[in-house]
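I have placed the structure first, in the form of structure tokens, so that the comments after it can refer back to it.
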Amino acid sequence: MAWFRKDKKPRSPRRERLEIPADAWEKCESCGYTDITEKFVRNLNVCPNCGFHRRIRAWDYANIFLDEGTAEETEVEIRSADPLGFPEYAQRLKKATANAGEGDAILTLTGQLGGSPISLGIMDFAFMGGSMGSVVGEKIARLGQRSLEKKHPLVIVCASGGARMQEGVLSLMQMAKASAMLSQLAERRVPYVSLLTNPTTGGVSASFAMLGDAIIAEPGAVVGFAGPRVIKQTIGQDLPEGFQTAEFLLEHGIVDIVVPRHELKPTVGRLLRHMSGKPAATGWLST
Amino acid sequence: MATAATTMDFEKPIAELERKIDELKHAPGDRAVNVDDEIISLERKLSELRGDIYKNLTPIQRVQVARNVRRPFMLDYVARIFTDFVELHGDRAFRDDAAIVGGWARLDGETVMLVGHQRGHDTKENLRRNFGMPHPEGYRKALRLMKLAEKFHVPVLTFIDTPGAYPGLGAEERGQSEAIARNLLEMSQLQVPIIATVIGEGGSGGALALGVADRVLMMENAVYSVITVEGCAAILWKDGKSPEMRDRAANALRITSPDLLEMRVIDEIVPEPEGGAHANHEAAARSLAEVLNTNLEELRKLRPERLVRRRRQKYLRMGQWAE
């Protein structure tokens with residue numbers, strides 16, 4: 001019919017594709033979009049197709065926030081003990097350390113954000129679901145103390161299923177511990193920004209995560225006190241679409257801003273400058 | 001009096017003996033034998049039995065005692081320990097949450113602010129009080145009252161008795177996490193003495209939101225835990241229902257008053273009368289009143305700055321790790 005249309009030539013299958021190693025490709029967990037790993041990495045592991053924010057590791061956030069070459073890990077000597085002699089805890093710890101590293105469920109650092117010094121805590125969901133035990137509490141307390149002494153703003157990236165059951169009520173007390181530290185920062189007017197990533201629930205959500213002078217959430221992050229499964233069980237019905245997501249929290253007035261990963265650094269930088277009476281940044285702040 | 005429905009398994013021998021004594025007491029009077037001696041001997045036996053059973057409670061049995069509906073709740077203690085109670089309602093923003101009660105009262109003539117979880121003794125009251133599981137507005141009411149106490153330099157006494165903060169839609173929409181977190185922060189800098197007492201079940205963050213204090217007391221048979229034994233068993237061993245797993249979780253979590261004292265999470269255990277607080281509300285209240293009075297007297301001597309510094313330091317030291 002259309003005599004001017006160009007004929008489509010059937011593509012010949014390219015066999016050499018099979019030789020590409022499996023980890024060269026990444027698939028988005030949300031939309032199924034597949035692309036080369038490098039493209040995901042360059043995009044900070046945000047899906048180029050649907051914008052889904054994939055889970056990234058603590059050091060990835062460190063690289064996002066801190067100026068190149070300024071990061072210095074702190075509190076590296078603290079390790080989880082097994083204060084209750086809880087069944088299987090020692091083995092779980094060993095496994096988590098082998099899989100996720102020695103920093104327990106939080107990486108603490110000092111460094112510079114846009115030329116200004118900050119203290120940065122980043123929870124690592126890969127270590128026992130980012131659960132908060134004595135080590136997480138103590139690392140936050142020490143990091144907070146650094147902030148307090150130097151008047152350097154504190155930023156904490158949250159990712160946690162809650163308190164660590166295996167340390168019993170001592171884990172619960174870490175909520176009070178972190179809050180006691182933050183009350184001191186508040187008293188001395190040291191700015192504190194908390195970033196909520198997927199997921200932030202339980203004892204972490206109900207303590208330092210919700211106490212930021214600014215509370216930021218990554219798009220799509222599930223944040224809440226009780227996990228969706230528990231709520232569903234309690235009320236005996238399905239949860240509404242989008243319940244407990246960052247956007248839901250924004251709508252209900254619980255978080256200040258939902259910020260995509262690419263804009264985290266400039267946004268937090270701007271906030272910290274506002275709150276510490278510093279002039280606007282130039283140059284590095286392009287977005 | 002105990003009914004079959006509220007009698008805990010391990011208390012059955014006690015209930016049995018109680019019934020026997022009751023029968024003897026109400027037996028027809030024109031008997032040849034004097035039953036008085038028999039009654040006295042049985043009562044002595046009853047007392048020993050109670051003592052024995054309660055000395056050897058397992059952790060899971062303590063959970064049962066702590067949750068028992070016959071136990072004295074917040075308002076039962078208020079009626080027996082304090083005078084001049086004026087209950088205050090509402091968070092001034094959303095509604096009044098009946099799972100938390102609070103208000104002015106007097107302890108030995110001195111004004112104090114009371115705040116605590118309130119469970120119901122029956123189904124009807126439990127529905128109204130949501131089984132002592134607060135919503136955010138409950139915690140915000142609690143904070144409002146604590147700030148009010150601070151304004152007038154009045155000490156705060158809190159009473160903890162909850163399975164946990166309510167996990168529901170409205171609670172999440174209105175910021176359950178934020179409400180709890182805010183209380184933790186504010187309580188760590190409140191400029192007046194705070195004494196918290198775990199009177200029944202201290203369930204996780206929902207309990208701690210009233211529990212940051214200069215002195216944390218715990219009734220002898222109360223429990224205090226990061227998660228319910230059922231929740232713990234369900235998550236770790238995929239079985240929250242069987243008695244074996246619940247028992248295992250109760251042992252592993254270390255939730256009894258001696259455990260918590262050893263870990264320095266609490267400061268003092270309040271002795272309960274023989275057979276537990278539910279056996280004698282009056283005696284339990286007297287025991288608690290005495291401990292509250294002693295602690296309050298000590299705390300009143302401290303200047304606000306010192307008080308807050310010590311309170312913060314106490315929490316900043318909590319936890320155990322290797323280095």
Side-chain angles (χ1 to χ4, degrees), chain A residues 77-81 83-88 133-135 137-138 141 163-184 186-187 201-203 205-211 223-227 230-231 233-235 239-240 243-244 248-249 252-254, chain B residues 136 164-169 171-189 202 204-209 211-212 224-227 231-232 235-237 248-249 251-255 259-260 263 265-266 308 311-323:
Chain A
E77 299 301 324
I78 315 174
R79 298 280 179 279
S80 281
L84 311 189
F86 198 97
E88 298 138 40
S134 298
V135 169
E138 179 64 12
R164 188 173 296 169
M165 244 176 333
Q166 290 87 345
E167 290 183 28
V169 76
L170 290 174
S171 294
L172 185 68
M173 292 303 135
Q174 304 311 307
M175 295 167 65
K177 179 169 177 168
S179 305
M181 174 44 74
L182 292 175
S183 78
Q184 285 178 289
E187 202 173 78
T201 58
S205 166
S207 60
F208 57 88
M210 287 294 164
L211 294 172
V223 179
F225 175 67
V230 174
I231 299 173
Q233 242 171 37
T234 309
I235 63 171
L239 302 177
F243 184 67
Q244 291 186 313
F248 172 92
L249 296 179
H252 285 87
I254 292 163
Chain B
Y166 187 65
L169 294 181
E172 295 290 330
E173 279 171 357
R174 298 193 289 279
Q176 188 73 287
S177 287
E178 194 275 344
I180 293 171
R182 184 66 47 203
N183 282 15
L184 302 182
L185 184 132
E186 292 290 347
M187 289 182 88
S188 74
Q189 58 187 15
S204 195
L208 185 64
V212 177
Y224 196 178
S225 176
V226 67
I227 186 170
C232 173
I235 293 172
L236 286 183
W237 305 306
R248 191 175 174 207
N251 290 328
L253 284 168
R254 308 271 311 269
I255 55 181
D259 287 328
L260 269 77
M263 289 187 268
V265 170
I266 62 163
V308 170
R311 191 187 306 144
R312 277 177 177 157
Q313 274 167 1
K314 173 173 107 168
Y315 283 98
L316 286 172
R317 273 196 300 266
M318 283 211 185
Q320 285 178 38
W321 58 88
E323 203 162 354

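Order of the sequence lines sets the chain letters (A, B, ...), proteins ahead of strands, with each chain counted from 1.
Note: B:Asn251 CG to A:Leu84 CG = 12.0 Å, rounded to the nearest 0.5 Å. Expressed to the nearest 0.5 Å, how far CD1 of B:Ile266 lies from CE of A:Met173 amounts to 10.0 Å. Between the OH atom in B:Tyr315 and the NZ atom in A:Lys177 there is a gap of 13.0 Å [rounded to 0.5 Å]. If you take CD1 on B:Ile180 and CE on A:Met210, they are separated by 10.5 Å, rounding to the nearest 0.5 Å. The distance from atom OH of B:Tyr166 to atom CD1 of A:Ile235, rounded to the nearest 0.5 Å, is 7.0 Å. Note that the CD atom of A:Gln244 and the CG atom of B:Leu169 stand 8.5 Å from one another [nearest 0.5 Å].
Nearest heavy-atom pair, A:Phe86 versus B:Cys232, reported as atom, atom and distance to 0.1 Å: CZ-SG, 4.0 Å. Across all their heavy atoms, A:Met165 and B:Ile227 have their closest contact at CG-CG2, 3.5 Å. Minimum heavy-atom separation, A:Leu172 to B:Ser225: CD2-O, 4.0 Å. Here the closest non-hydrogen pair linking A:Pro87 and B:Ala252 is CD-CB, 3.6 Å. Of all non-hydrogen atoms in B:Arg312 and A:Ala180, the two that sit nearest each other are NE-O, 4.0 Å. Heavy-atom minimum distance, B:Glu172 versus A:Ile231: CG-CD1, 3.6 Å.
Contact of B:Leu208 with chain A is made through the side chain alone, with heavy-atom distances under 4.5 Å. Contact of B:Leu316 with chain A is made through backbone and side chain together, with heavy-atom distances under 4.5 Å. Contact annotation for A:Phe208: neither backbone nor side-chain heavy atoms come within less than 4.5 Å of a heavy atom of chain B. There is no contact between B:Ala249 and chain A, counting heavy-atom distances below 4.5 Å. Proximity to chain B involves both the backbone and the side chain of A:Gln184, based on heavy atoms less than 4.5 angstrom apart. Neither the backbone nor the side chain of B:Arg311 comes within contact range of chain A; no heavy atom of the residue lies under 4.5 Å from a heavy atom of that chain. When heavy atoms are compared at a cutoff of 4.5 Å, A:Ile254 approaches chain B solely by way of its side chain, counted from C-beta outward.
Panel note: side chain A:Ser134, backbone B:Gln320; a donor-acceptor pair is recorded below 3.5 Å. Here the side chain of A:Gln174 pairs a donor or acceptor atom with the backbone of B:Met318 at under 3.5 angstrom. Using modelled atom types, one side-chain atom of B:Ser177 and one backbone atom of A:Phe225 make a donor-acceptor pair closer than 3.5 Å.
Listed options A:Leu211, A:Thr234, A:Ile78 were ranked by heavy-atom pairs under 4.5 angstrom with chain B; first place goes to A:Leu211. Residue with the most contacts toward chain B among A:Glu167, A:Glu138, A:Glu88: A:Glu138 (heavy-atom pairs, distance under 4.5 Å). Listed options B:Leu260, B:Leu184, B:Asn183 were ranked by heavy-atom pairs under 4.5 angstrom with chain A; first place goes to B:Leu184. Contact count versus chain B (heavy atoms, under 4.5 Å) is highest, among A:Gly85, A:Ser205, A:Pro240, A:Gly253, for A:Ser205. Comparing B:Ile255, B:Val265, B:Val212 by how many heavy-atom pairs each has under 4.5 Å with chain A, the most go to B:Val265. Chain A forms more heavy-atom pairs under 4.5 Å with one residue of B:Gly205, B:Gly319, B:Ala181 than with any other, namely B:Ala181. Chosen from A:Ser207, A:Ser183, A:Ser80, A:Ala226, the residue pairing most often with chain B at heavy-atom distances under 4.5 Å is A:Ser183. Your options are B:Ser204, B:Ala171, B:Gly168, and the one with the most heavy-atom pairs under 4.5 Å with chain A is B:Ser204. If you tally non-hydrogen atom pairs under 4.5 Å between each of A:Arg164, A:Met175, A:Gln166 and chain B, the highest count goes to A:Met175. Of the listed residues A:Gly137, A:Gly203, A:Gly168, A:Gly133, the one with more heavy-atom pairs under 4.5 angstrom with chain B than any other is A:Gly168.
With sequence neighbours excluded, no residue forms a salt bridge (Lys or Arg N to Asp or Glu O under 4.0 Å) with A:Glu77. Considering only residues two or more places apart in sequence or on other chains, B:Arg254 meets the salt bridge (Lys or Arg N to Asp or Glu O under 4.0 Å) condition with B:Asp259, B:Glu262.
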Test side-chain hydrogen bond (donor to acceptor under 3.5 Å, both in side chains) on A:Glu187 and B:Gln189 and set out the steps. CA-CA 9 Å; A:Glu187 202 173 78; B:Gln189 58 187 15; over 6 Å; no
